[in-house]
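Each remark here refers to the structure printed beneath this line.
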2 protein chains.
Amino acid sequence: MQSTHLREHNLSLVMRAVVNATVPVSRATLARSTQLTKPTVSKLVEELITAGLVEEHAPVSQGSGRPMVPLHPAQHTVLGIGLEIAAEHISCLGIDLAGGMLSTRTEYLEVTADNVPEAVQACARLLDQVRAEAGPATLVGVCVAVPGRISPDGESVLSAPNLDWADVPLMRELQRIPALAAVPVLVQNDIRLSVLTEIARRPDESFMYVRGSTGVGGAIVLEGKVLEGVHGWAGEFGHTVVEPDGALCRCGRRGCLEAYVSYHALRERAGLRRDVLIDELVEELSRSSDRAEVIGTIGRSLGLAIANALNILDLSTVVLSGYLGPIAEEIAPFIRETVDRHALAAEVDEIVIERSDDLAAPALWGAARAAISPLLDHPGDWIARSVRA
Amino acid sequence: MQSTHLREHNLSLVMRAVVNATVPVSRATLARSTQLTKPTVSKLVEELITAGLVEEHAPVSQGSGRPMVPLHPAQHTVLGIGLEIAAEHISCLGIDLAGGMLSTRTEYLEVTADNVPEAVQACARLLDQVRAEAGPATLVGVCVAVPGRISPDGESVLSAPNLDWADVPLMRELQRIPALAAVPVLVQNDIRLSVLTEIARRPDESFMYVRGSTGVGGAIVLEGKVLEGVHGWAGEFGHTVVEPDGALCRCGRRGCLEAYVSYHALRERAGLRRDVLIDELVEELSRSSDRAEVIGTIGRSLGLAIANALNILDLSTVVLSGYLGPIAEEIAPFIRETVDRHALAAEVDEIVIERSDDLAAPALWGAARAAISPLLDHPGDWIARSVRA
DNA sequence: CTTAGTATGTTTGAGTTACTAACATACGAC
DNA sequence: GTCGTATGTTAGTAACTCAAACATACTAAG
């Protein structure tokens, strides 16, 4: 490792400390939290300020002693854009370094395999609108959330059942958009982006994130980092086997978790029409007479899959999100019953089952954060760019 | 991060490059592989040589150009000791930096809950003998392999069924040994140590290590690092559920993998006496008339558990070890059948199922390596010590 | 109103560390 | 014997961080 890498590392350390701060931070508190000395932090902070990444606010008195100068991520100077492609809409969100929303837009469009170009055009329109509304902030990156499996190189969507997509070279299409020519673009799975929102709330924790939407997906978070796996699909446990030779799953396998716990499985069980929305389904369930039985079945299947995952990974925290969030209190006892029976960790620790305080669109927010994240890891690149400009 | 940390990092980088080298390395090749410059590498290497961690060998001509000076880990100067506590013996192995055996000893002793002090005394005796035979090398660490679950703080053995141990404060006992007073001591699970041997053979790879012995255990290796989990038990998938409400496992649960695939389960199935050795069991199986059926049952159960684990972790390589090693070729098709049916990764990649070329005592060797490992991570500490001396 | 106390942030000079560029070295090949 | 090539070293430079002292700005108490 070279000495310039050392500086980049420390610059990033300070930058992330400022961005992730919940209470106001000063140069002095940064020096303590980063293990660097005051002069070093001062120098780094000065560089970040001149680059327009950090702002000084008015001095604040903290009891005795000289008042501290609070440091905050610069607002309205940097723009990260998240795009979300869903079955029936495309959304776009612009945030700044502070994580504040600068602008957002949505177009309603039924996305299918037949109108990929239209969807990409919609993305381009939304992008331009959001960018225009966001003011003079410089666009540093775009991240697109897709509800499906992405190829390991991030170039194409291997399969997205809800969109009826298979092998769509999305990156190639996106890069035809003029506005994206000179900007880093990232395509990522929606759940892996949603979990970023949860990570922001639980910094450096380890947990299993379970998200129920049309299917059941998840992600594994180890000490604040999402586990990738060799293809970038780690944590996608919807096709874990919970019942050998059990019910037929729409993936063609038998006994998958999704065959028991998913929008489709639930809808069929409730005998509802095909186009019922998830919210309606949940509501329907709550009126249903065999609600308890349905919840119990879901809970036990989920519990088994979760127990196996917790054993392999040796985790003791589970976060429920998506449609599982609202029914978390109700379903948790069934999950817990199965988990406590099968998870080794339950012998020494209590397995914590919590619900995610999901935002309205966690994937969209996660995508916007992901678009900015490289800047936080390598502030030096941005500084070099702003010097040239 | 401070500049001294940078030096320590680079020192470790060079040290590990020398130790892990399969072909002879020179200062110049190190400069290329570590991304450092020749002068920097020269300085670091000089420091390692004066500290007695690295040795120069006779120059070797490599075609044209000045011959390179091959660098090797110093032999016979540093001693790492591994101890293995098994049901019927205790072994001790001393290796040097180069990974070469300096000395080894074994005592046969039936270890139970009732003779922990005796076992510890045996450890002390073996340690003294191995240390005496190893010559003038300086002892830098001791690691003890135990076939059971270790508490997260590494202080005690929570449970070791084969030894009939439960809550044994092994570290406290070990530290009463005079020879261990001033030496770092580590207690670790035997499988997690065995896997180190496999990692040495597959540097920086990601795979799932499955080891059959009296039970079934495993470890997860991600880019050359063993996944820990919150308690240090990650990968221990013997109690994964393969059949809800299935066969009774000796852990009291139902449907565990171990209830189908383990020494005990196999022995009972073969109708053999309690004290039959694993080797004999395997041999017995090979003569058995329903061998194919037994292998098939094992393979399918294992396959299901492996498929679920591969899905969660998104891995595509499985290494079979222990008693599964010798029968790997035979059992792999059954595992593959199940895995191919259920693992997502099988859709794009072929799942690789291989056998480990296990040494006679992988845990013992892994323990010895683990004893030396801290030195490789922080050569600076050793240098400081050798300067003081 | 002054003085002491305290915490923040800056200045200065020094000490590391690694880098660049040039050079010395030691071989093979023609 | 000279050239080409690759290794390893030397000398000087640039970059980074650190330690210690200092300047700053506030509170609190006499």
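Excluded from the calculations below are hydrogen atoms, water molecules and symmetry mates; all remaining heavy atoms, backbone and side chain alike, are included. Convention: sequence-line order gives letters A, B, ...; per-chain numbering from 1. Note that this is a predicted model, so its numbers are computed, not measured.
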All salt bridge (Lys or Arg N to Asp or Glu O under 4.0 Å) counterparts of Asp357(A), not counting sequence neighbours: none

All side-chain contact (heavy atoms from CB on, under 4.5 Å) counterparts of Glu354(A), not counting sequence neighbours: Arg202(A), Val352(A)

Basic-acidic side-chain contact under 4.0 Å: Asp377(B), Arg16(B): yes

Non-neighbouring partners of Thr37(B) that pass side-chain contact (heavy atoms from CB on, under 4.5 Å), sequence neighbours left out: Pro39(B), Thr40(B)

Euclidean distance, atom CG of residue Leu36(B) to atom P of dT20(C) [Å, nearest integer]: 11 Å

Least distance between heavy atoms, Met101(A) atom then Ile95(A) atom: CA-CG2, 4.2 Å

For residues 65-83 of chain B, which side-chain N or O atoms pair as donor and acceptor with protein atoms under 3.5 Å away, sequence neighbours left out?
residue  : atom : partner  : partner atom : Å
Thr77(B) : OG1  : Gly52(B) : O            : 3.2

Outermost DNA chain D nucleotides near chain B [under 4.0 Å, heavy atoms]: dG4(D) to dC18(D)

Side-chain (Ser12(B)) to main-chain (His378(B)) donor-acceptor, under 3.5 angstrom: no

DNA chain D contacts made by residues 7-23 of chain A, counting heavy atoms under 4.0 Å: Arg7(A), Asn10(A)

Qualifying residue, where the test is side chain to side chain contact (heavy atoms under 4.5 Å, CB included) with Leu102(B) and the options are Asp96(B), Val130(B), Leu93(B): Asp96(B)

Under the salt bridge (Lys or Arg N to Asp or Glu O under 4.0 Å) test, residues paired with Glu228(B) that sit two or more places apart: Arg192(B)

dT10(C) OP1/OP2 closer than 4.0 Å to side-chain N/O of Arg27(A): yes

Residues forming a side-chain hydrogen bond (donor to acceptor under 3.5 Å, both in side chains) with Gln62(B), sequence neighbours excluded: none

Leu30(A) CG - dT10(C) P separation (whole Å): 12 Å

Polar side-chain atom of Ser194(A) near backbone of Pro362(A) as donor-acceptor pair, under 3.5 Å: no

Contact residues, residues 38-69 of chain B to DNA chain C [heavy atom, < 4.0 Å]: Pro39(B), Thr40(B), Ser61(B), Gly63(B), Ser64(B), Gly65(B), Arg66(B), Pro67(B)

Degree of bending, the helix from dC1(C)-dG30(D) to dC30(C)-dG1(D) (end axes from five pairs; round to 10°): 10°

Test side-chain contact (heavy atoms from CB on, under 4.5 Å) applied to Gln2(B) - qualifying residues, sequence neighbours left out: Thr4(B), His5(B)

Thr50(B): side-chain contact (heavy atoms from CB on, under 4.5 Å) partners, not counting sequence neighbours: none

